[in-house]
*Asks:* 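Just passing along the structure, written as structure tokens.
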Amino acid sequence: MNPGDVNLQQLLEQAQLMQQQLVTAQQELSDAEVEGTAGGGLVVATVNGSGELLELKISPKAVDAGDPEETVETIADLVLAAVRDAVRAAAELQQEKLGPLAQGLGGGLGQLPGF
């Protein structure tokens, strides 16, 4: 074998290992829960690591019975902010879990002739 030749068996083993790591990371993301908050905790959104909304809590303190129209607008804004915060946290978790795998793939292929 020449120094520049690709060891296909080794490449296949690396690909299988990376696939197993990816499946594990995806399962961990699916099982993980992260929270986003708004209004000092008046609204709390919980999403899984994939960004799927699992739960939304609105504190009774967010409701002003004396001004229902403004309350509705305020709660809507707080819900949006909390969900965005939770989705941002999920994206950070995804980067943490999947980022090294993507770098490994790019680094591995970048070292192969022709890639």
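Predicted model only: the values in this text are computed from it and were never measured.
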*Asks:* Tell me, yes or no, whether the heavy-atom count around Glu92 atom CD, taken from other residues, nucleotides or ligands under 6.0 Å, exceeds 12.
*Replies:*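 More than 12 heavy atoms, drawn from other residues, nucleotides or ligands, come within 6.0 Å of this atom.
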
*Asks:* Identify the two heavy atoms, one from Ala82 and one from Ala38, that lie closest to each other, and give their separation to 0.1 Å.
*Replies:*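 That would be N-CB, 3.7 Å.
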
*Asks:* Indicate if Val63 and Val79 have the same hydrophobic cluster label, given that clusters are the connected sets of ILVMFWY residues with side-chain heavy-atom separations under 4.5 angstrom.
*Replies:*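 Yes: a chain of side-chain contacts under 4.5 Å links Val63 to Val79.
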
*Asks:* Are Ile75 and Leu80 connected in the hydrophobic side-chain network, where two residues link if heavy atoms are under 4.5 Å apart?
*Replies:*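 Result: no, two separate clusters.
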
*Asks:* Search all heavy atoms of Leu98 against all heavy atoms of Ala25 and return the closest pair with its distance.
*Replies:*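 Leu98 and Ala25 have their closest heavy atoms at CD2-CB, 3.7 Å.
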
*Asks:* Rounded to the nearest 0.5 Å, what's the gap from CG on Leu93 to CD on Glu28? Could you check?
*Replies:*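 Between atom CG of Leu93 and atom CD of Glu28 there are 9.0 Å.
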
*Asks:* With a 4.5 Å cut-off on side-chain heavy atoms, are Lys61 and Leu42 touching?
*Replies:*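 With C-beta onward as the side chain, the pair touches.
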
*Asks:* Take Gln94 and Leu29 through the test side-chain contact (heavy atoms from CB on, under 4.5 Å) and record every step on the way to the result.
*Replies:* CA-CA 7 Å; Gln94 289 172 4; Leu29 284 172; 3.9 Å; yes

*Asks:* List the residues meeting side-chain contact (heavy atoms from CB on, under 4.5 Å) with Gln10, not counting sequence neighbours, and say none if there are none.
*Replies:*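 By the side-chain contact (heavy atoms from CB on, under 4.5 Å) rule, Gln10 matches Asn7, Gln14.
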
*Asks:* How long is the gap from OG1 on Thr24 to CD on Gln19, to the nearest 0.5 Å?
*Replies:*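 Spacing of OG1 (Thr24) from CD (Gln19) equals 10.5 Å.
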
*Asks:* Do any N or O atoms from the side chain of Glu33 and from the backbone of Gly49 form a donor-acceptor pair under 3.5 angstrom?
*Replies:*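 A pair under 3.5 Å: no.
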
*Asks:* Within the 4.5 Å heavy-atom criterion, are Val44 and Ile58 side-chain neighbours or not?
*Replies:*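 A side-chain contact is absent here, since even the closest heavy-atom pair is not under 4.5 Å.
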
*Asks:* Please list, chain by chain and in numerical order, all residues satisfying salt bridge (Lys or Arg N to Asp or Glu O under 4.0 Å) with Glu13, sequence neighbours excluded.
*Replies:*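 Salt bridge (Lys or Arg N to Asp or Glu O under 4.0 Å) check on Glu13 returns nothing, list empty.
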
*Asks:* Check whether any side-chain heavy atom of Val34 sits under 4.5 Å from a side-chain heavy atom of Thr46, and report yes or no.
*Replies:*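 When only atoms from C-beta onward are counted, Thr46 and Val34 do not touch, as no gap falls below 4.5 Å.
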
*Asks:* Are the side chains of Lys57 and Glu55 in touch, meaning some heavy atoms are under 4.5 Å apart?
*Replies:*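 In contact.
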
*Asks:* Would you indicate whether Arg84, at its atom CZ, is surrounded by more than 12 heavy atoms from other residues, nucleotides or ligands within a distance under 6.0 Å?
*Replies:*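 Not buried by this count: 12 neighbours or fewer within 6.0 Å.
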
*Asks:* If every non-hydrogen atom of Ala45 is compared with every non-hydrogen atom of Leu53, which pair is closest and at what distance?
*Replies:*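 Heavy-atom minimum between the residues: CB-CD1, 4.1 Å.
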
*Asks:* I'd like to know if the side chain of Asp85 and the backbone of Thr37 have a donor-acceptor N/O pair within less than 3.5 Å.
*Replies:*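 Side chain of Asp85 to backbone of Thr37, a donor-acceptor pair under 3.5 Å: yes, one is there.
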
*Asks:* Side-chain heavy atoms under 4.5 angstrom apart, residues restricted to Ile, Leu, Val, Met, Phe, Trp, Tyr: same cluster for Leu56 and Val47?
*Replies:*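 Cluster IDs for Leu56 and Val47 match.
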
*Asks:* Ignoring hydrogens and geometry, is there a side-chain-to-backbone donor-acceptor pair from Thr74 to Glu70 under 3.5 Å?
*Replies:*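 Checking the backbone N and O of Glu70 against the side chain of Thr74, a donor-acceptor pair under 3.5 Å is found.
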
